[in-house]
Every structure is written in C-alpha cells, then in structure tokens.
2 protein chains.
Amino acid sequence: MPRIDTADDELLSIRAAELYYDEDKTQDEVGAILGLTRWKVGRLLAAARENGYIRIEIVHPRARKLALERQLRERHGLTDAVVVPVAGARSESELRERVAQGAADYLAALRPVPRMLGISWGRTLHDVATLLGEQWAVGVDVVQVNGGVSVNQRAGTAAATAVEIARKASGEATLLPSPAILERVETKTSIENDRTVAAVLDEAAAAAAYLFSAGPATHSSAHIQSGYLTTGEMDELVRRGAVGDVWGRYINAEGMIVDPALDQRTLGLGLTSLQHASTAILVVSGESKHAVTRAIVRNGLCTALVTDEATALDLLTDTFGDDPDDKDNND
Amino acid sequence: MPRIDTADDELLSIRAAELYYDEDKTQDEVGAILGLTRWKVGRLLAAARENGYIRIEIVHPRARKLALERQLRERHGLTDAVVVPVAGARSESELRERVAQGAADYLAALRPVPRMLGISWGRTLHDVATLLGEQWAVGVDVVQVNGGVSVNQRAGTAAATAVEIARKASGEATLLPSPAILERVETKTSIENDRTVAAVLDEAAAAAAYLFSAGPATHSSAHIQSGYLTTGEMDELVRRGAVGDVWGRYINAEGMIVDPALDQRTLGLGLTSLQHASTAILVVSGESKHAVTRAIVRNGLCTALVTDEATALDLLTDTFGDDPDDKDNND
DNA sequence: GCCCTATTTGCTCATATGAGCACTCAGGGG
DNA sequence: CCCCTGAGTGCTCATATGAGCAAATAGGGC
C-alpha cells in the first residue's frame, strides 16, 4: 500500500487513528509507518479525538448513556437518571424491556431501601416486575396507588405486577380493589370512602417511594383498551391539550389536569402525592410517550427517570422548556 | 447514583467500560467507583473488548476501512485496495465523491509514478480528476483507452477528464477521437486502422497503469444516455447474462464478453490489455455496480480496487466465489 | 534584512496500562 | 478427610502514553 504523505494534518490524524484504533498498533509503530515521531502521532490522535472523529460506543443492551444521564440530572434537577441505548433495538417492545431492565437494576440498587413502595400498573411495570431478580431486596412491601385494569383479558396483570415485585422482595402486596375510572363521581366517592379502600389509599400515601410509568394520549392507551375511555373521549382530551396520563390522570404539557370532572371520577392517589414524594421513579420508553414524559419531568412530577436514549434526547433538545440562563449543556 | 453490585461479570464489564471509555476515568478510578481492584477492571475491560462490546469507529469522510482492505487483498489477490466508509453519506453522489477522493489520494501516492496512465471516462473518473490536487505528480502523460461520449450534452466530459488529470501532473493528454460503439463493424475497423487512431491505441496499450471505472447493465447506463445503446439492446444483453461494462465492453459474471458481435463494434483497448496490466486500478461505487465489480475482481481484471464499504462487503460475503480451501477470513 | 513572537517539534519524566507469575480458595475425587 | 486441580485474584515489572517544558522554526512587522 502506498504511503500517504499529505501536508494536511487532519487527514494525517485520520490515517494515524486507523492504524492506532483499527489496527491496534502502538503510537510508535504508527509513527514508523507514517514517517512521524511518536509524539507527533500522539498529538494527531489527540486532535482526532478533540475533533470528534473517534467514536467509541458500548454496544450492549444493558449499556447506559452516562453523559445523557448527567445532563438530565443537571438540566432537570433529577436525583437520578438511567438512560439505555436504542442502538440495536429492533422493536418497541425490545426497547421497553431494556428500559424495564434498567429500572429493575436501578430499583435493586436503590438506597435507602424503601420500606413501602407505591406502584401503578402497565406493560412497562409488568416487565420491571418480571425482570427484577429474586431477592432484589428484603422486606419491601408494595402498595397499588391507583385503580387497576379489570375489564378485559389483561385483568389480573395489575395485581400480578404488585404481587411479583413484593414476592421477590419477601414483602407483602396491598392491592387497590377498584376500577381505575368510575362512571359517576358519587360512585367514586363512596368507594374511596369505603373503609378497606381508604386504608389502602392511606398506606399508598405514606409510601417511601413510588415507581410508575405514564401513558400516551392516543387511541392505543390502556384506558381505551380496558374500556374506561372511548376513542371519542380521548379525542376530546387531546383537543383540550392532554399529552398523556399519570396514575390514570390526564395532564397537559404544563402538568395540569386537563379535565377536572374526569379527574374527579379517577380513583387513586392524586398527583400532589407525586409532587411531594421524596422518591418518585418514572419508567418510560418509546416515542409515543415523549410528550407526556416532557410534561412530567419539566413539572417536577418525578425525582428519578429511567428511559431510553431517544426520549432522553427529546428532553434535552427542546430549548424553550429550560431556564434560558441555565448552565451550558456541553459535558 | 446508586452503586451497582452485581455478581455478573459481564454486566460489570459494561459498567466499567462506561466509566473508562465514556467518562474518561482511569482504571484505578473505575475500580474505586465499582469497588474493584484496578487489575480486575483491566481484565473486565479486556473481556468487554474480547466480546465485541466496545466499538471504535473513525467518523470522517476520508477514513478508510483497513480491515476490509486487507481482506480484499488477501482473498482476491489484489495488490492494493482502498475502502471508504458509507456511514454518514447521504446520497449516491456523496459516496461516489468519497470513493473518487480515495482514488485521487491513492493515485497521488502510487509508486512508481507511471509515466503513462491509461484512463476511461465516466462520472466517477471525472470526480477523480476534479479532486486530484494540483501537482499530484510531475510528468505523467494521460491517454484515453476507449471511445468517448460525443453524442449528448455530456460531450467533452471524457476529454476534460483526461486533460485535467494530465494538466495537474504537468503532462500531456492524448485523446481517442472516436465514438465508443460504432454501428457497423466495417466502420469500426476502418477508424481503428486510421493512422492517428492506431497511434493512440498503441500508446494506450503501452501505458504503465490503467485507471478505470465500470458501468452497470441497467437503463441508467451512460451508453443508453449517450445513445450508443437502446434500452431494448440493454435488456437483451442482460438476458444473455451481462452484469455491466468495462471500457464499453459488456461482460457476464464470469468476466466473458457477452455479445461478441457488439464487442467487435466497440472501439478501444480490449480486456486482455487489462488482464495483462501490471497496474489496473478500478474505481467504483454504489450498489448498482456490485455485480459488475464482482465480475471484474473475481476474474482478475484489476490489480487494485478503490470502492465503498458496501461494495467491499458484497465482494467478501458471497462464499461461492472463493476457493473453498482459501485462508480463513477472520482478521 | 533582521528581530520578535507564535507555533510547532522533540524531549524528559510521571503516570497508566498490560503481560506474566505466584498465590488463594472452592470443589471434587480418592 | 485430605489432597489436587483449576479458576480467579493480587502483585511485580516492562511498556505505552500523556503532561509539561525547552529548543527550533516559521511568519510578519519594521
């Protein structure tokens, strides 16, 4: 192969990088090949890295994007963030599993270990329950914070999620025996005031930590599939600015309840519990949930976030949501 | 951020890699964070690399794929190969320019410098001419090896290519004043025997090196655009096994002339000149030319290849084209 | 033409890293 | 029950690398 002897340092730095990184040569050897001293080679390589020509990627489903995590913590005031890569994920569900795995790892490593964990339900949380290791903790009790699915074939999933998380931590699961959304406010109020239900809600309100996901305001919402909402009602919610739901409560981009009447018929803890929680872990993945994630994170409805790279980037790229005089975002 | 303390070494190696490669920590620091000795960290990183979890990529339009180049040389007996990355190329023409740049760099670095360079014509070679630096060599004469385009608005491109390459090397350009394909054999023979034309062909046959591209056997061929062939004739060539043309001569996958009668009407050097050349540099890019490239490379019609990553991979992935008892192809 | 300055180059030295080796320890067979 | 084996661990030492500094060099103003 003919030697390349260009005066151009940039090109030379690429040639050096090829030999150093791709061919595993030492800087000395690279120097011998290109006719340079080994110090010059070192400087060329430094320049190549400086210019961003060298990309090092960790390809593993359980890899994390620490730089994005740091930016999320700094720019959105989060206590913790876990960001998993999208590269190589072939489907939405594969991505969801990666995120769920990240959440399971995070939960198992969470200190102090919460005595009581409040959880919602959904496919994401169900995955988290499945992926949690046996004995991920010892003596963690679990309580549901909102009404469960009970109308269609997915009935039981909500309960199973809570039970499995508790079982794997040798703790007790407390279920909330109620629909998610009632047809009439009166029904909701009377259930809420029922002694057993009220006791569960009291327990939930006292939880040391919350683990929850969010739903999109689209026709694929679990609330529509479960029959709690019609597609028409969903369209109306969207028209009024809804971006998604948290604990069954539909919010707009400002994190405010979109439809107070509907919210009155929704059973479970209110969002103020989330706002005041010392540990509120949001687990969310997929493009359809970018908007609702933004609403949650930007309005302080979570203290920790477990998500995918694309969602993290979405949170970081929009400018108008941050303080204009915020810190610079280059790491 | 909570510490992760898994027994699983694989996961641990990913955590270590994140801190070492993404966060620029030393192995010592990584060890302190993960609660490991620095030797353990070194071993975990080695394992991560071993397992292919660390991908290092050089992102630059002029970067080269040395590993692929080596495999091409070894498996196809080439003297030289230049492979440029496709990553980041947004169009066929951008890719063609990258390859042309690679060819220009290669040509400028070629030793010994050929006294006489035989060239064909086409968009790719025109790009090479444009991208060659002024004074890329001194005293290199250029000669056309096959009849030029002269029918449509691209008239003059072929001549311009030769002239520019020669000018930038302070050499003379010798043009072949003739159409590429004649209607009747008799016309072709008489032109060929014309004193001036014969002299050019003699010069071309004596060239120290050839620089050429190839065309696909499709309706987008330059021969159709220039009016030398009709789409019907092309379809017939394809039916008879044509994969593309070299110097205006259509060949099949075995590198044989598809239509001897047509070939008789094609003016310029024959492919035997290419076969016996000590330096024959093929410059080719794009998916439409994979088949013809394969035919050329597998049948010894070039000694050096300048191409893109995708074409190189195409040449390397088909199994039945190589000696079954060839060397192993892991690098 | 000369000198002054800014940049580049070659070096010394401290540090980071990988190879190789001795040691430990768990588990299984005699 | 004890020894034996083999994986895994911690270490020593040689090598590779980056920081910092002095010498050289280029370029520009006077």
Side-chain angles (χ1 to χ4, degrees), chain A residues 3-60 62-64 66-67 70 105 133-135 330-331, chain B residues 3-60 62-64 66-67 70 109 133-135 330-331:
Chain A
R3 234 192 64 225
I4 282 111
D5 48 359
T6 311
D8 189 9
D9 259 18
E10 175 166 316
L11 190 50
L12 213 47
S13 77
I14 298 301
R15 298 285 155 258
E18 286 161 359
L19 294 166
Y20 186 74
Y21 289 108
D22 286 349
E23 303 286 297
D24 291 320
K25 309 238 180 260
T26 74
Q27 297 186 4
D28 239 346
E29 292 172 308
V30 174
I33 292 168
L34 297 177
L36 304 167
T37 65
R38 92 180 139 84
W39 298 286
K40 176 71 177 173
V41 173
R43 277 185 254 263
L44 287 172
L45 291 172
R49 286 188 293 262
E50 191 72 24
N51 292 323
Y53 296 146
I54 313 298
R55 169 170 299 157
I56 301 185
E57 201 182 349
I58 301 167
V59 274
H60 193 282
R62 289 175 85 167
R64 285 167 53 182
L66 301 186
R70 186 167 355 93
D105 291 345
E134 298 290 335
Q135 295 291 111
N330 43 12
D331 68 330
Chain B
R3 235 191 63 227
I4 282 109
D5 49 358
T6 311
D8 188 10
D9 259 19
E10 174 165 316
L11 190 52
L12 212 47
S13 77
I14 297 301
R15 297 284 154 258
E18 287 161 359
L19 294 165
Y20 186 73
Y21 288 108
D22 284 350
E23 302 288 294
D24 291 319
K25 309 239 181 255
T26 73
Q27 296 187 6
D28 238 347
E29 292 172 311
V30 174
I33 292 169
L34 298 176
L36 304 167
T37 64
R38 89 166 188 268
W39 298 284
K40 177 73 177 167
V41 173
R43 277 185 255 263
L44 287 171
L45 291 173
R49 284 188 295 261
E50 191 73 24
N51 292 323
Y53 297 147
I54 313 299
R55 169 169 299 155
I56 300 185
E57 200 183 349
I58 300 168
V59 273
H60 193 282
R62 289 174 85 167
R64 285 168 52 181
L66 300 185
R70 186 166 356 90
E134 298 291 335
Q135 294 292 110
N330 43 14
D331 69 329

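In what follows, chains carry the letters A, B, and so on, assigned in the order in which the sequence lines appear, proteins first and then strands, with residues in each chain numbered from 1.
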Please report the interatomic distance CD1(B:Ile14) to CD(B:Glu10), rounded to the nearest 0.5 Å.
6.5 Å
Can you see if the side chain of A:Gln27 gets near the phosphate of D:dT15 - specifically, an N or O under 4.0 Å from OP1 or OP2?
no
Side chain to side chain donor-acceptor pair (under 3.5 Å) contacts in which one or both residues fall within residues 42-52 of chain B, not counting sequence neighbours:
B:Tyr21-B:Arg49
Whole-Å distance between C:dG10 P and A:Asp28 CG?
13 Å
Could you give the NZ-to-P distance, from B:Lys25 to C:dT17, as a whole number of Å?
13 Å
Give the rounded distance in Å between these two atoms: CD of B:Glu29 and C1' of C:dT17.
14 Å
Separation of atom CD in A:Glu50 from atom P in D:dA19, rounded to whole Å
11 Å
Do any side-chain nitrogens or oxygens of B:Tyr20 fall under 4.0 Å of OP1 or OP2 in C:dT17?
yes
Between CG of A:Leu45 and C1' of D:dG18 the distance, given in whole Å, is 11 Å
What string of B, S and - do you get for nucleotides 7-14 of chain D 5' to 3' if you count protein non-hydrogen atoms under 4.0 Å?
--BBBB--
Rounded to whole Å, please give me the gap between CG in A:Leu12 and C1' in C:dT8.
14 Å
Would you tabulate the side-chain donor-acceptor contacts of residues 24-35 of chain A under 3.5 Å, counting partners in other chains and residues two or more places apart, or write 'none'?
unit_1	atom_1	unit_2	atom_2	d
A:Thr26	OG1	A:Asp28	N	3.3
A:Thr26	OG1	A:Glu29	N	3.1
A:Glu29	OE1	A:Thr26	N	2.8

